[in-house]
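A quick write-up on the structure given underneath.
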Amino acid sequence: MKTTILKIKARHPEPRKIAQAAAILQHGGIVAFPTETVYGLGARLTDQQALKKIFRAKKRPADNPLIVHVADVVKVEDVAELTPLAKKLMEKFWPGPLTFVLKKKPIVPDLVTAGLPCVAVRMPSHPVALALIKATDEPIAAPSANLACRPSPTTAEHVYSDLKGRIPLILDAGPTTVGLESTVLDLVHTPPTILRPGAVTFEQLKKFLPNLCNPATARQKISVIPTSPGMKYQHYAPKAKLILVIASRAKQDQASPGPACRQAGIATARKAGLAMTYIKNTAILDLRQEKNLKKVARQLFASLRNLDQKGVKNIVVYGVLEKGIGQAIMNRLRKAASQIIE
Ligand code: TXA
Ligand code: MG
């Protein structure tokens, strides 16, 4: 199958191009499209054959459910039981990088929820995603548009490099702005729990959910009972061996090895945006130097993919503090790591 990359304007997507992508979905196909978090690989919610194509194209295990993308809060009631609390949070955080796990309605195929009685729902804020859902006139079920076990794609090129020849079309609106997948919030079980941290942070949600379960605790719980099936897979792994160094709060403030390495004539680079030092085939990514954690989130997956392309064998990452969006960054790094040094 030939994979076409179709450039589209991020803010004002051309209706003709949206119609072209929607037609593929309406005729039983699948399409990769940008969201503000990462690129997704979508099918019409009720099209079982197309849903199967998503799992095949990504080589995704069938027990890992998909997120249902809507373009309007009203549409949630077609697919899930909307509680007053969920509605309040949607009004606050949507459109945006927050996914709700709610009780599902019968219209949602088992393929989407992997047989679970709950469904994950999100309204993305990316104009291309919203226009595509509206033009399709049905919610779009979509996981991230990467091969299972590869970092999520934040550019159309990432999607192409994973899924070339496996999908017909990629809508290319340039790099995504958030860069990490949405926060997944389980509102079905008690207490409410963050199943996957993202750009909508624990601290932000805690204001509305006083008994919200901290993802750090949830991590231990989930290793026993996978409430969110996706949590049990080793995600986001680069080909290189990633060693994550987690320093204490005090050590976070210490000087980074960057300047010392430069003095010693060791190559340093800032090409992908994040501060990188190279010693032979080892790259050192010192995130303690980065003041702007949103930028780290935006560029993390691209940096990991870049290093793989360079053929780097080891990646040593100095982590960030696990608060705010730092929690999401560290969650992805922990999953990508072969070794964690605390
Ligand atoms: O930002 C995002 O969420 C991106 C964009 C494309 O929207 N999507 C994404 O999808 O990251 P995916 O499939 O890569 O991750 C979905 C996560 C998985 O960890 C999955 O297990 C969990 O959400 N999930 C989906 N449905 C669920 C359900 N019914 N109950 C619990 N967890 C669920
Ligand atoms: Mg994914």
Side-chain angles (χ1 to χ4, degrees), residues 30-43 45 51 54-55 57-71 79-81 93-105 108-126 128-130 132-133 139-154 158-159 162-163 171 176-189 192-200 215 218 222 225-237 297 301 328 331-332 335-336:
I30 57 179
V31 169
F33 62 97
T35 80
E36 74 280 23
T37 56
V38 300
Y39 276 72
L41 179 61
L45 174 68
L51 293 168
I54 291 180
F55 286 90
K58 273 181 66 86
K59 302 188 184 167
R60 182 177 176 105
D63 64 351
N64 195 359
L66 311 180
I67 294 177
V68 175
H69 295 72
V70 294
V79 297
E81 307 276 346
F93 292 102
W94 275 9
L98 178 59
T99 296
F100 293 84
V101 174
L102 302 168
K103 281 201 185 121
K104 78 165 204 124
K105 293 236 173 115
V108 182
D110 276 347
L111 269 172
V112 170
T113 61
L116 292 172
C118 314
V119 62
V121 194
R122 152 167 135 83
M123 178 176 171
S125 65
H126 199 295
V128 172
L130 291 171
L132 183 62
I133 300 163
I140 293 180
S144 49
N146 52 297
L147 278 177
C149 291
R150 295 279 298 144
S152 287
T154 57
H158 297 161
V159 180
D162 279 16
L163 300 179
L171 289 178
T176 62
T177 49
V178 175
L180 297 178
E181 309 88 340
S182 62
T183 307
V184 178
L185 174 65
D186 178 354
L187 286 183
V188 172
H189 301 93
T193 302
I194 292 180
L195 300 177
R196 180 175 71 184
V200 172
I222 283 160
I225 315 160
T227 325
S228 181
M231 306 299 283
K232 72 177 184 228
Y233 297 105
Q234 199 209 347
H235 273 318
Y236 323 115
F301 288 149
N331 168 271
R332 305 313 190 269
K335 281 164 177 273

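Counting begins at 1 with the first residue of the sequence. Excluded from the calculations below are hydrogen atoms, water molecules and symmetry mates; all remaining heavy atoms, backbone and side chain alike, are included. Atoms within each ligand, like the ligands themselves, are counted from 1 in listed order.
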(message) For a quick test of reading the model, state the closest non-hydrogen atom pair linking Pro34 to Ala129 and the distance between them.
(response) O-CB, 3.5 Å

(message) Looking at Asp162 and Leu147, would you say the former's side chain and the latter's main chain have a donor-acceptor pair under 3.5 Å?
(response) yes

(message) Out of all atoms in ligand 1, which are within 4.0 Å of some heavy atom of Ala120? Include the element for each.
(response) 25 (C), 26 (N), 27 (C), 29 (N)

(message) Does the residue Pro124 have a heavy-atom contact with ligand 1, meaning some pair of atoms that are separated by less than 4.0 Å?
(response) no

(request) Only heavy atoms count here, so choose which of Val119, Ile67, Val184 is nearest to atom 16 (C) of ligand 1. (result) Ile67

(request) State whether the shortest distance between N or O atoms of Thr35 and N or O atoms of ligand 1 falls below 3.5 angstrom. (result) no

(message) Looking at non-hydrogen atoms alone, which of Arg60, Lys58, Lys104 comes nearest to atom 13 (O) of ligand 1?
(response) Arg60

(request) Quick one: do Lys58 and Ser144 satisfy side-chain contact (heavy atoms from CB on, under 4.5 Å)? Show the steps, please. (result) CA-CA 9 Å; Lys58 273 181 66 86; Ser144 49; 3.6 Å; yes

(message) So Leu171 and Tyr39, do their side chains get closer than 4.5 Å, heavy atoms only?
(response) no

(message) the Mg ion (ligand 2) and Ser144: any N/O/S contact shorter than 2.8 Å?
(response) yes

(request) For His69, take its heavy atoms, then give the atoms of ligand 1 lying under 4.0 Å from any of them. (result) 5 (C), 6 (C), 7 (O)

(request) Examine the side chains of Thr35 and Arg122 and answer whether a donor and an acceptor come within less than 3.5 Å of each other. (result) yes

(request) May I ask you to list the atoms of ligand 1 that are less than 4.0 angstrom from any heavy atom of Cys118? (result) 29 (N)

(request) Examine Thr99 against ligand 1 and note whether any of their N/O atoms are separated by less than 3.5 Å. (result) no

(request) Ignoring angles and geometry beyond distance, decide whether Thr37 reaches within less than 3.5 Å of ligand 1 through its nitrogen or oxygen atoms. (result) yes

(message) Side chain, backbone, both or neither: which applies to Thr113 and ligand 1 if a contact is any heavy-atom pair less than 4.0 Å apart?
(response) neither

(message) A side-chain contact here means heavy atoms from C-beta on lying under 4.5 Å apart; do Arg332 and Phe301 qualify?
(response) yes

(message) Could you tell me, atom by atom, which parts of ligand 1 come under 4.0 Å of a heavy atom of Glu181?
(response) 1 (O), 2 (C), 11 (O)

(message) Test your reading of the structure: does Arg196 have an N or O sitting under 3.5 Å from an N or O of ligand 1?
(response) yes

(request) Report yes if Leu195 has an N/O atom closer than 3.5 Å to an N/O atom of ligand 1; otherwise report no. (result) no

(message) Any side-chain to backbone donor/acceptor pair from Thr176 onto Thr37? Under 3.5 Å, distance only.
(response) yes

(message) Checking Ser182 against Thr99: is there a side-chain donor and acceptor pair closer than 3.5 Å?
(response) yes

(request) Please examine the side chains of Arg150 and His158, heavy atoms only from C-beta on, and report whether any two atoms are closer than 4.5 Å. (result) no

